[in-house]
Amino acid sequence: MTSFTTDRDWWRGAVIYQIYPRSYQDTDGDGVGDLKGIAERLPYIASLGADAVWISPFFTSPMKDYGYDVADYCEVDPMFGTLADFDTIVDMAHRLELKVMIDLVMSHTSDKHPWFAESRASRTNPRADWYVWADPKPDGTAPNNWLSVFGGPAWQWDVRREQYYLHNFLTAQPDLNLHNPAVQEALFDVMGFWLQRGVDGFRLDAINFCFADKELRDNPPMPLAERNDIGAPSVNPYNYQRHLHDKNQPENLQFLRGIRALLEPSGAVALGEIGEGHRGLELLGEYTNGNELLHMSYAFDFLANTRLTAPRIAGIFDRLDKVAADGWACWAFSNHDVTRHVSRWALGPEAARAYAVLLMCLRGAACIYQGEELGLPEADIAFKDLHDPYGIEFWPIFKGRDGCRTPMPWHPDDVNAGFSTARPWLPVPEAHRPLAVAAQEADRDAMLHHYRRALALRRAHTALRTGSQTPIAVTGEALSFVRQLEDEALFCAFNLSESPQTVELSDGTWENIGADLGSVAIEGSHAALGPWEFCLAKKA
Ligand code: BGC
Ligand code: MG
C-alpha cells in the first residue's frame with residue numbers, strides 16, 4: 001500500500017472517526033470538552049484503526065447551534081482552547097498517521113458574525129448583499145413560503161433594513177448570499193487559512209444549502225405519500241415541501257469547482273454533507289462526478305429512521321449505480337444529529353456487530369461517531385436538561401439531538417465517567433458507565449474490540465477500501481456482494497434478521513476470512529447464516 005503521506009486517494013476507503021468536541025474529553029474542568037482533550041485521546045483513536053478524524057466545529061461561536069453558528073471562522077472559541085491547541089492536534093495526529101478534517105459551515109454564519117452586523121446595518125453598506133435579504137410582500141408577510149429546518153418560517157424580520165433575511169436553520173443562523181462572488185472569495189480565504197495550518201480535508205456542512213433561488217420562488221407541497229424517513233422528523237412541517245428552490249441550486253456546482261481548485265495543490269479532501277431526503281443520491285452523483293467537484297458526499301440514506309434492511313441497502317446501491325456511477329459516497333449510521341443507531345433501529349449486540357462489519361465491507365468511505373465503537377445507546381434527556389433548540393421546538397414527539405451528544409464515557413468508576421471533573425454540560429447516562437472505554441479494553445469480547453477487528457479487516461484488504469462492488473443480491477433478509485480489486489475478490493454476506501437465511505456463493509472457490517470477527521464457515525457452495533450472522537470469504 002502507498003504510504004500515509006503520499007496516497008492522494010486515501011479518502012476513498014477511509015474510516016473517519018467523528019469527534020463532537022463539546023463531549024469528547026474535558027481537560028480544564030468546565031464541563032465542556034476541549035481541543036486539549038482531543039489531543040490527549042488521539043492515541044486511542046489511532047488504536048481503533050481509523051484513517052482520519054473529523055472534528056465538529058470548534059470556532060468562535062455564541063453556541064446557539066452548538067458551534068454550527070460561526071462568529072469567526074479563523075479563531076478557536078475560548079471554551080475549546082486556542083489555535084496553538086489546534087496546531088498540536090494536527091502535529092500529533094500526523095505523527096499517529098491520522099488525517100485531520102475540520103467542519104466548515106459555509107451556507108450560513110452566526111448572527112453575531114461581524115459580516116452580518118455590517119450587512120444588517122443598512123441597505124447600502126459594502127456587505128449589504130452578503131446575506132439573503134428580501135422585501136416583505138405588500139401585506140408585510142414573508143417573501144415566500146420557505147420553512148426553516150428547525151421549525152417555523154425561514155424568514156426573520158430585521159427592523160434596521162425593514163427587510164427579511166433568510167435562515168434555513170435558526171434565526172441566529174442567517175444564510176450567506178453565495179451568488180455574490182465576494183462572499184465566495186471570503187470563504188475560500190477561510191479554507192486557505194486552515195490549509196496553511198495543515199488540515200487534510202473539510203467536512204462541508206449543509207453544502208446543498210449554499211444557494212437559494214434568485215427569484216425566491218415558492219416551494220411546491222410534498223404529498224404525504226411521497227414523504228420518507230430520511231432527514232427531518234415526521235412532525236416537522238419542513239417535510240411538507242418539495243425543496244426545489246431553497247436549496248440544491250445549480251449554481252452550487254460552480255462553487256464546488258472553486259473549492260476543488262483550491263484544494264488540488266495540497267490534495268486536501270472535500271466531503272460535502274447533502275441534507276436531502278429525496279434527490280440525495282442524485283445530488284451525490286452531480287456533486288462528486290469527475291475530478292473537479294467534491295471528492296465525496298456524506299449521504300443521509302444510512303441515517304434513515306427505520307432500520308436498513310437487505311432490500312433497502314440493495315435499493316440504495318442500485319440507485320447509486322444508476323445516478324452516481326462515477327461518484328463516491330461516505331456512509332454513516334450515527335452522528336451528532338440523529339438518534340444513535342443502536343437505539344434508532346433497536347439493535348441487540350449481535351445485530352450491532354453485524355452492521356459494524358457491513359459498514360466496513362460496503363463501497364464508500366465510512367464515518368464512525370464517537371461512542372459508536374462502544375455500542376452506546378441513545379441517552380434519554382429530561383426536558384429540563386435539553387440544550388438543542390431543535391428538540392425544544394419539537395418536544396415531546398421529537399426530542400432533538402442531545403441524546404446522542406452526551407459525554408464520552410472513559411472510565412466506569414470515575415466521576416462523570418472520566419469525561420470531566422465538573423458537572424458536564426449534558427448528563428452522563430448511568431447506562432453508559434459499564435460501556436466505558438476502560439471497561440471494554442479489559443474484555444476481549446467487548447464491542448470496542450469487535451470494532452477494532454472490523455477496521456483491521458478493512459485495512460488488511462484493499463478490495464474493501466477501493467475495490468469494485470457487484471450489484472447487491474438479496475435472499476430473503478440477507479444480502480451478499482463481491483468486492484474486487486485486481487486479483488483480490490472478497491465475498492460478503494450478511495443476515496440482517498432474526499431468522500436463519502441461506503446464501504449461495506458466487507462461482508469459484510472461497511476461503512473463509514474474518515473468523516476472529518465471527519464470520520461463519522462456508523459449507524460447499526453456500527453459507528448458512530443464523531440470526532445476524534455474516535460470512536466473509538476470499539477467492540482462492
Ligand atoms: C449539522 C447540524 C447543524 C446544521 C446547521 C448540519 O447538517 O450537521 O448539526 O445544526 O447543519 O448548520
Ligand atoms: Mg473544557
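Both ligands and their constituent atoms are indexed starting at 1 by order of listing.
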One finds that the ligand 1 atoms under 4.0 Å from a non-hydrogen atom of H108 are 5 (C), 12 (O)
Checklist entry - Is the gap between the ring centers of Y20 and Y369 under 6.0 Å? => result no
Less than 6.0 Å separating the ring centroids of F317 and W331?
yes
Under 4.0 Å from one or more heavy atoms of D337, ligand 1 contributes atoms 1 (C), 2 (C), 6 (C), 7 (O), 8 (O), 9 (O)
closest protein heavy atom to atom 1 (C) of ligand 1 is D205 OD1, 3.0 Å
Report for the Mg ion (ligand 2), protein N, O or S closer than 2.8 Å, by chain and number, lists D26 OD1, D28 OD1, D30 OD1, V32 O, D34 OD2
Atoms of ligand 1 under 4.0 Å from any heavy atom of H336, numbered from 1 in the order shown, are 1 (C), 2 (C), 8 (O), 9 (O)
Under a plain distance cut-off of 3.5 Å, with no hydrogens placed, do Q18 and N335 share a side-chain donor-acceptor pair? no
- Message: Can you confirm whether or not the ring centre of Y131 sits under 6.0 Å from the ring centre of F116?
- Response: yes
the protein heavy atom lying closest to atom 4 (C) of ligand 1 turns out to be F169 CE2, 3.8 Å
If we number the atoms of ligand 1 from 1 as shown, the ones under 4.0 Å from a heavy atom of R401 are 2 (C), 3 (C), 9 (O), 10 (O)
Self-check item: W133 six-ring face occupied by R120 cation (under 6.0 Å, within 45°)
Solution: no
Between ligand 1 and M106, can you find any atom pair, the residue atom being a heavy atom, that is separated by under 4.0 Å? no
- Query: Is the gap between the ring centers of F188 and F255 under 6.0 Å?
  - Reply: yes
Ring centres of H295 and F202 under 6.0 Å apart?
no
For R405, the ligand 1 atoms with a heavy-atom partner under 4.0 Å come out as 9 (O)
Ligand 1 to E273, heavy atom cutoff 4.0 Å, flagged ligand atoms 6 (C), 7 (O), 8 (O)
If you scan protein heavy atoms around atom 3 (C) of ligand 1, the nearest is D65 OD2, 3.3 Å
Notebook entry, point to check: Considering residues, nucleotides and ligands other than R423, do more than 12 of their heavy atoms fall under 6.0 Å from its CZ?
Noted result: no
Q) Is it true that the NZ or CZ of R227 lies under 6.0 Å from the centre of Y240's six-membered ring and within 45 degrees of the ring axis? A) yes
Salt bridge (Lys or Arg N to Asp or Glu O under 4.0 Å) filter on D85, not counting sequence neighbours, yields K36
With heavy atoms and a 4.0 Å threshold, my read on which part of F150 contacts ligand 1 is side chain
Counting only heavy atoms not in E251 (residues, nucleotides, ligands), do more than 12 fall under 6.0 Å from its CD? yes
